[in-house]
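A short write-up of the structure that comes next.
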Amino acid sequence: MAADEVDLASGTQALLSGSSDVRGLSVTELAEKLFASNPYFSAGFGLMGLGVGLAALRQISRRTASLLYKQLLVDLEIPSKDKSYMWFLDWMAKQNVADAQSANRGGFFGRRHLAVQTQYRQHDNGSVTTSFSLVPGPGTHIIRYKGAFIQVSRERSGRLMDLTSGTPFETVVLKTLYKDRHLFEDILNEAREIAVQKQEGKTVLFTSYGPEWRPFGQPRRRRPIESVVLDETVAESLIADIEEFLDNGKWYYDRGIPYRRGYLLYGPPGSGKSSFIQALAGHLDYNICILNLSEAHLTDDRLNHLMNHIPERSVLLLEDVDAAFSQRAQSTDQGYVSGVTFSGLLNALDGVTSSEERIIFMTTNHPERLDPALVRPGRVDVQKLIDYASPYQIRKMFARFYGDLATEKLADRLVDIATNLGRPLSTAELQGLFITFKSSPHTALEALEATKHNAGI
């Protein structure tokens, strides 16, 4: 090694000493002669050239892969905030792994990480049914759909959170060949159809959760409008008014009139106010948004936001509207107080920022407690008394519950007992009586008459 170093030094010195071999050479030629005669310089430049070549090759391969990806692949991102996100998860839950090899059916391959999706349903009779579906959890999965392979990546953010629910923000990304991009629309259409079928013939109840509306429980089976018996012409007049309103949107717009309608149903408890609203929503194929004005954390801004973002084809229901502002002092003593002010409610109903295409129903047991500013035209356009059961309602309900067993003679006797009971009879009380004695109208009449004697009348 020492000898080589001596040779390198002596050779370099000879070149630089002005010997006859280097006389008359330019600087470039001198450098070439020096590097050519020096194996160490040659090896260094060779390695440097190899590194540059590999870096260039890597950059070319990356750009080529990116170009091929853009030309051959396409992806679709579905964030958890989008409505179709839950639709897609329901669609995934229904995919049959056993049919994965079929060209016409979908299925997931290589599922190793699963997530559980629980369906909870409470039936009208109070019984509860639960079912579980296993869907692909966070990670990458491959699905075969209509003969094409699609990569499904379910990604869960470790930092971003949905502040309204406290759950991590999620994203589902679908990736497939560009020529099969039309399958994305097919999948979303199928997912939407599944969601629509779950709600078909049913009424969805929404409640406020933070700044947004969310479904409350499972969709309810629509209640027939005939099942809520109101006094003569009351139901018919309300139905005619709201249908006339829905059919004349252009008339409102042409005249610059705000396209909204407000209804106030008032009367004693158990007279059927809320039941009629639910049946009416089903009759119109509308959903119901229920808003509690006495909620502790409800503010004027949030109220205005909610009332301006009501889901489509939904009516807004404000129950017991008199209770929200009538006893604010007592509410403070009890440790809870509504953040909504009376002026905030009025502005949300028909202020500058109030929404269009809106139907509002308010209910109250004490209309005399309502401020005249709340029920003036423009905020409340129609007021209807839903009173205690009248002879007309008693006959109609009796015939509906007992059918052929409800003879005219028994109906007359029932009306006579009810009118001489010494107190008003609500439709809820009457319905409870008929439910208790489902198959025996005679026993129902005797039970009602017994309440009269027990009261000492």
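Aromatic pair Y402/F434: centroids less than 6.0 angstrom apart.
For CZ of R58, the number of neighbouring non-hydrogen atoms (other residues, nucleotides, ligands) closer than 6.0 Å is 12 at most. Environment of CD in E312: sparse, with no more than 12 heavy atoms of neighbouring residues, nucleotides or ligands closer than 6.0 Å. Within a 6.0 Å sphere centred on CZ of F216, heavy atoms belonging to other residues, nucleotides or ligands number 12 at most.
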- Task: Walk me through it: do I142 and I150 pass the test side-chain contact (heavy atoms from CB on, under 4.5 Å)?
- Result: CA-CA 6 Å; I142 303 297; I150 300 176; over 6 Å; no

- Task: Take I194 and W87 through the side-chain contact (heavy atoms from CB on, under 4.5 Å) test and state the conclusion after the steps.
- Result: CA-CA 8 Å; I194 293 173; W87 296 353; over 6 Å; no

- Task: Carefully, step by step, assess L205 and N287 under the rule side-chain contact (heavy atoms from CB on, under 4.5 Å).
- Result: CA-CA 6 Å; L205 301 182; N287 298 317; over 6 Å; no

- Going through the distances and angles, do D412 and R395 end up as a side-chain contact (heavy atoms from CB on, under 4.5 Å)? CA-CA 8 Å; D412 291 340; R395 290 180 181 275; 2.6 Å; yes

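Both tests hold for R181 against Y178: distance to the six-membered ring centre under 6.0 Å, angle to the ring axis within 45°.
Of the possible polar contacts, none joining the H305 side chain to the D301 backbone as a donor-acceptor pair under 3.5 Å is found. Using modelled atom types, one side-chain atom of T427 and one backbone atom of S271 make a donor-acceptor pair closer than 3.5 Å. Using modelled atom types, one side-chain atom of Q393 and one backbone atom of S390 make a donor-acceptor pair closer than 3.5 Å. No side-chain donor-acceptor contact under 3.5 Å links K179 to the backbone of L72. Within the 3.5 Å criterion, the main-chain N or O of L306 finds a donor-acceptor partner in the side chain of W213. One N or O on the side chain of R358 and one on the backbone of L349 form a donor-acceptor pair closer than 3.5 Å.
Inspection of the S84 and D82 side chains reveals an N or O donor paired with an N or O acceptor under 3.5 Å. In the model, T140 has no side-chain atom that pairs as donor or acceptor with a side-chain atom of Q151 under 3.5 Å. The closest side-chain donor-acceptor pair between N304 and D300, if any, does not fall under 3.5 angstrom. A donor-acceptor contact closer than 3.5 angstrom links the side chains of S237 and K384. Side-chain N/O atoms of E190 and Y145 include a donor and acceptor closer than 3.5 Å.
A search for salt bridge (Lys or Arg N to Asp or Glu O under 4.0 Å) contacts involving E170 returns R154, R156, not counting sequence neighbours. R261 meets the salt bridge (Lys or Arg N to Asp or Glu O under 4.0 Å) test with D241; sequence neighbours excluded. Applying the side chain to side chain donor-acceptor pair (under 3.5 Å) criterion to T203, with sequence neighbours excluded, gives no partner residue.
Salt-bridge check for K396 with E226: failed, with every basic side-chain N at 4.0 Å or more from each acidic carboxylate O. Here K175 does not pair with E77 in a salt bridge; the nearest charged N to carboxylate O distance is not below 4.0 Å. Salt-bridge formation is detected for the pair D350/R376: a Lys NZ or Arg NE/NH1/NH2 atom is positioned less than 4.0 Å from an Asp or Glu carboxylate oxygen. With respect to D381 and R260, no salt bridge is recorded, no charged nitrogen being found less than 4.0 Å from a carboxylate O. One finds no salt bridge joining E212 and R302 here, because no Lys/Arg side-chain nitrogen approaches an Asp/Glu carboxylate oxygen to under 4.0 Å.
Looking only at side-chain heavy atoms (C-beta outward), I242 and F361 come within less than 4.5 Å of each other.
Taking all atoms of both residues into account, the shortest heavy-atom contact from L405 to S439 is CD1-O, 4.0 Å.
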